[in-house]
Trainee: 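A single structure is presented below for examination.
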Amino acid sequence: MDSTTKKGIKRHSAFPSVDELLQSLEEIEITKRRRLSTDPIHKITSHETYLENSDDDGSNCMNLDQERDWSFLTPDLLIEILRLFDSMRDFMAFREVCWSWRRVAAPTRYALARQPPLFLCTGFQVSSEGFIDTNCLRLHILKLRQPHRVPSTLGYSHGFLISTIGLDYFDQTILFRNIFTRAEFLLPKTTEVFQRVRLSASPLSSECLVILFAPGDSIVQFCWSGQSHWRIGCIGSDEVLDDMLFLNGKLYALTNGKTLLSVDPFSWKVVVLGEDDEISREESTNSVSKWVLAECNGQLLLIGYLSLGGLRLYTWDDKSSKWASTSSLGGCAMFLSFGGFTGSIVPSGSRIRANCIYYFDHDRDGFYEYSLDDKILRYPFRYYGLQKGCMPVWVLPSLC
């Protein structure tokens with residue numbers, strides 16, 4: 001390739017190819033591995049990488065054996081190259097090149113569209129957390145900003161890990177953490193026991209409503225982003241909650257009597273949308289251990305966990321006010337964490353399949369894939385660092 005030199009900087013007359021760019025990023029990763037391998041504390045094995053979370057601005061670029069200058073690459077072209085990456089390792093290596101590339105590689109749904117789902121290894125290390133890349137089965141390690149403050153992660157929503165900090169169930173503080181930007185912020189201390197968290201929008205939005213509840217209880221705590229205290233609501237005295245879900249700006253609740261409710265978070269007015277005796281019979285006939293609300297392509301869904309393995313899927317019919325059995329996710333894949341529904345995405349990569357539900361089974365200690373097409377339960381992943389009693393969480397970068 002012809003080149004000219006000006007002020008000691010090598011400039012290429014030909015436009016660099018995508019392969020050349022990816023090769024350079026691989027050289028950056030190799031250089032980083034060599035540097036870290038000299039430190040026994042940070043030694044990386046062949047199946048591990050580190051998610052960079054330093055506080056610098058990324059302006060200190062690594063020196064390569066062969067200098068290249070791609071400063072003339074436009075942000076639009078860099079974004080298109082970034083969208084080719086299908087592993088978190090490549091995405092984070094791209095962000096480490098320089099400050100301008102870090103700014104281009106902001107964690108957005110467009111930039112992360114091809115990133116595969118990750119699942120969080122809780123209790124991996126005292127000062128760090130591990131994430132398994134489902135595409136290449138690589139372990140990524142994220143160091144905690146404050147190792148002495150080890151959070152307990154409950155779920156993932158709108159690009160944020162939802163964690164708690166506290167000594168007991170009655171003294172908990174909600175912590176939101178973004179694994180890409182390292183943004184963190186806290187909500188007020190809670191006043192009631194809870195197990196699940198639901199968000200109406202991104203925690204960065206002033207319109208975000210945070211809902212806390214526990215299955216088997218009728219008490220709900222709710223707080224708008226920026227408020228200094230929690231408010232208390234109740235769905236009624238006769239029934240208790242099974243699950244809650246935000247969909248299209250509305251808050252839905254499912255009771256233990258399989259009654260679907262619509263809740264107004266401003267006035268806390270509860271409206272009964274329908275009761276379904278067939279769902280109750282299904283629960284007793286097929287030994288359904290629990291029910292969770294979900295959504296896919298804007299449609300409200302109900303999922304039943306079978307005690308012997310497998311799932312049942314229903315969609316809500318507004319006309320009949322009944323649940324109707326279905327076996328399609330419209331080409332999407334669904335992910336369920338310990339705390340219920342995490343998200344539905346169009347599959348990317350070879351290990352995630354359309355029309356399948358991925359969830360964790362505590363009785364069998366592993367993540368499972370349930371195909372709605374052939375009704376077969378598979379075990380596609382090996383879960384690194386799993387500890388008894390942990391609460392596994394799916395992380396979906398493309399839904400940030």
Side-chain angles (χ1 to χ4, degrees), residues 120 122 149-178 183-237 239-247 249-256 259-270 290-295 300 335-343 389-395 399:
L120 171 66
T122 57
R149 188 181 65 176
V150 180
S152 175
T153 302
L154 300 180
Y156 173 87
S157 181
H158 295 85
F160 283 80
L161 292 174
I162 306 172
S163 308
T164 61
I165 301 173
L167 299 178
D168 54 56
Y169 289 111
F170 297 95
D171 183 21
Q172 296 287 320
T173 300
I174 300 293
L175 171 66
F176 292 110
R177 297 179 293 148
N178 190 303
E184 291 186 1
F185 57 93
L186 298 169
L187 292 181
K189 286 188 176 182
T190 60
T191 58
E192 302 288 338
V193 176
F194 67 94
Q195 295 178 3
R196 299 183 184 177
V197 184
R198 299 289 182 263
L199 306 181
S200 64
S202 168
L204 299 176
S205 171
S206 59
E207 299 179 353
C208 176
L209 175 62
V210 183
I211 297 288
L212 309 180
F213 68 98
D217 197 351
S218 61
I219 299 297
V220 177
Q221 302 174 78
F222 61 99
C223 176
W224 295 91
S225 180
Q227 290 186 341
S228 59
H229 63 280
W230 294 92
R231 299 181 182 181
I232 302 296
C234 183
I235 64 165
S237 57
E239 293 185 303
V240 296
L241 286 167
D242 268 358
D243 201 8
M244 303 187 78
L245 181 76
F246 281 104
L247 176 61
K250 297 181 180 179
L251 177 60
Y252 295 93
L254 181 73
T255 70
N256 63 328
T259 301
L260 184 64
L261 309 175
S262 176
V263 182
D264 185 344
F266 293 95
S267 62
W268 207 254
K269 181 180 179 180
V270 178
K290 70 174 180 179
W291 298 91
V292 297
L293 293 173
E295 70 89 12
L300 183 63
F335 299 86
L336 305 175
S337 298
F338 176 82
F341 174 73
T342 299
C390 71
M391 296 181 290
V393 173
W394 281 105
V395 176
L399 294 185

Trainee: Quick one, Leu175 with Glu184, criterion side-chain contact (heavy atoms from CB on, under 4.5 Å). Give me CA distance, side-chain angles, the key distance, then yes/no.
Mentor: CA-CA 7 Å; Leu175 171 66; Glu184 291 186 1; 4.2 Å; yes
Trainee: By ring-ring contact (aromatic ring centres under 6.0 Å, His included), which residues pair with Phe335, not counting sequence neighbours?
Mentor: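 Applying ring-ring contact (aromatic ring centres under 6.0 Å, His included) to Phe335 gives Tyr358, Trp394.
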Trainee: Quick one: side chain to side chain contact (heavy atoms under 4.5 Å, CB included) partners of Ile232, sequence neighbours excluded?
Mentor: Thr191, Glu192, Ile219, Gln221
Trainee: Suppose we screen for salt bridge (charged side-chain N to carboxylate O under 4.0 Å, His left out). Which residues come up paired with Lys189, at least two apart in sequence or across chains?
Mentor: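 Here the qualifying residues are Asp171.
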Trainee: Mind checking whether Asp243 and Val292 have side chains closer than 4.5 Å, heavy atoms only?
Mentor: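 Heavy-atom side-chain distance check passes, below 4.5 Å.
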Trainee: Less than 4.5 Å apart, side chain to side chain, heavy atoms only: is that true for Glu239 and Thr259?
Mentor: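 Result yes, sub-4.5 Å side-chain heavy-atom pair found.
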Trainee: Would you tell me whether Thr190 and Gln172 have side-chain atoms, one donor and one acceptor, within less than 3.5 Å of each other?
Mentor: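 No - no donor-acceptor pair under 3.5 Å links their side chains.
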Trainee: What I'd like to find out is whether the side chain of Ile211 reaches to under 4.5 Å of the side chain of Leu251, using heavy atoms alone.
Mentor: yes
Trainee: I need the Leu187 CG to Thr173 OG1 distance, nearest 0.5 Å.
Mentor: 9.0 Å
Trainee: Hey, is the main chain of Gly339 close enough, under 3.5 Å, to the side chain of Ser337 for a donor-acceptor pair?
Mentor: no
Trainee: Suppose we screen for side chain to side chain contact (heavy atoms under 4.5 Å, CB included). Which residues come up paired with Ser206, at least two apart in sequence or across chains?
Mentor: none
Trainee: Rounded to the nearest 0.5 Å, how far apart are CG of Leu186 and CZ of Arg177?
Mentor: 11.0 Å
Trainee: Any side-chain heavy atom of Leu245 sitting closer than 4.5 Å to one from Glu295?
Mentor: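 Yes, their side chains come closer than 4.5 Å.
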Trainee: Any side-chain heavy atom of Leu209 sitting closer than 4.5 Å to one from Leu199?
Mentor: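 No; the side chains remain at least 4.5 Å from each other.
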Trainee: Any side-chain heavy atom of Ile162 within less than 4.5 Å of one from Ser157?
Mentor: yes
Trainee: Measuring from Arg198:CZ to Phe246:CZ, what's the distance to the nearest 0.5 Å?
Mentor: 10.0 Å
Trainee: Please report the C-alpha distance between Leu261 and Tyr252 in whole Å, then the side-chain angles of each, then the deciding distance to 0.1 Å, and finally whether the side-chain contact (heavy atoms from CB on, under 4.5 Å) criterion is met.
Mentor: CA-CA 6 Å; Leu261 309 175; Tyr252 295 93; over 6 Å; no
Trainee: Identify the heavy atoms of Thr153 and Val393 that sit nearest to each other, and give their distance.
Mentor: O-CG2, 3.9 Å
Trainee: What heavy-atom pair brings Trp230 and Pro188 nearest, and what distance separates the two atoms?
Mentor: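 Heavy atoms only, the tightest pair is NE1-O, 2.8 Å.
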Trainee: Do Ser163 and Ser152 have side-chain N/O donor and acceptor atoms under 3.5 Å apart?
Mentor: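 There is no such pair between these side chains.
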Trainee: With sequence neighbours excluded, tell me which residues meet ring-ring contact (aromatic ring centres under 6.0 Å, His included) with Phe176.
Mentor: Phe185
Trainee: Rounded to the nearest 0.5 Å, what separation is found between the CG atom of Asn178 and the NE2 atom of His158?
Mentor: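 Those atoms lie 13.0 Å apart.
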Trainee: In Å, rounded to the nearest 0.5 Å, how long is the span from CG of Leu293 to CG of Leu254?
Mentor: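 The CG atom of Leu293 sits 5.0 Å away from the CG atom of Leu254.
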Trainee: Below 4.5 Å, heavy atoms only, C-beta onward: do Phe194 and Leu154 meet side chain to side chain?
Mentor: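 Contact flag for Phe194/Leu154 side chains = yes.
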Trainee: Any heavy-atom pair between the side chains of Leu212 and Ile174 that's under 4.5 Å?
Mentor: yes
Trainee: So, for Tyr156 and Thr342, which heavy atoms are closest and what is the spacing to 0.1 Å?
Mentor: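 Taking Tyr156 first and Thr342 second, the nearest heavy atoms are O-CG2, 4.0 Å.
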Trainee: My understanding is that only residues two or more places apart in sequence, or in another chain, count here; which of them pass ring-ring contact (aromatic ring centres under 6.0 Å, His included) with Phe222?
Mentor: Trp268
Trainee: Show the nearest heavy-atom pair for residues Ser225 and Pro203, with the distance to one decimal.
Mentor: OG-O, 3.4 Å
Trainee: Show your working on side-chain contact (heavy atoms from CB on, under 4.5 Å) between Leu241 and Asp217 and close with a plain yes or no.
Mentor: CA-CA 6 Å; Leu241 286 167; Asp217 197 351; over 6 Å; no
Trainee: Would you confirm whether Asn256, through its side chain, and Val240, through its main-chain N or O, come within 3.5 Å as a donor-acceptor pair?
Mentor: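 Yes; judged by distance alone, with no hydrogens or angles, the pair exists.
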Trainee: For residues Ala294 and Phe341, report the shortest heavy-atom separation together with the two atoms involved.
Mentor: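 Smallest heavy-atom distance, with atoms named: CB-CD1, 3.4 Å.
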Trainee: Which atom names give the shortest non-hydrogen contact between Cys208 and Ser202, and what distance separates them?
Mentor: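 Smallest heavy-atom distance, with atoms named: CB-O, 3.2 Å.
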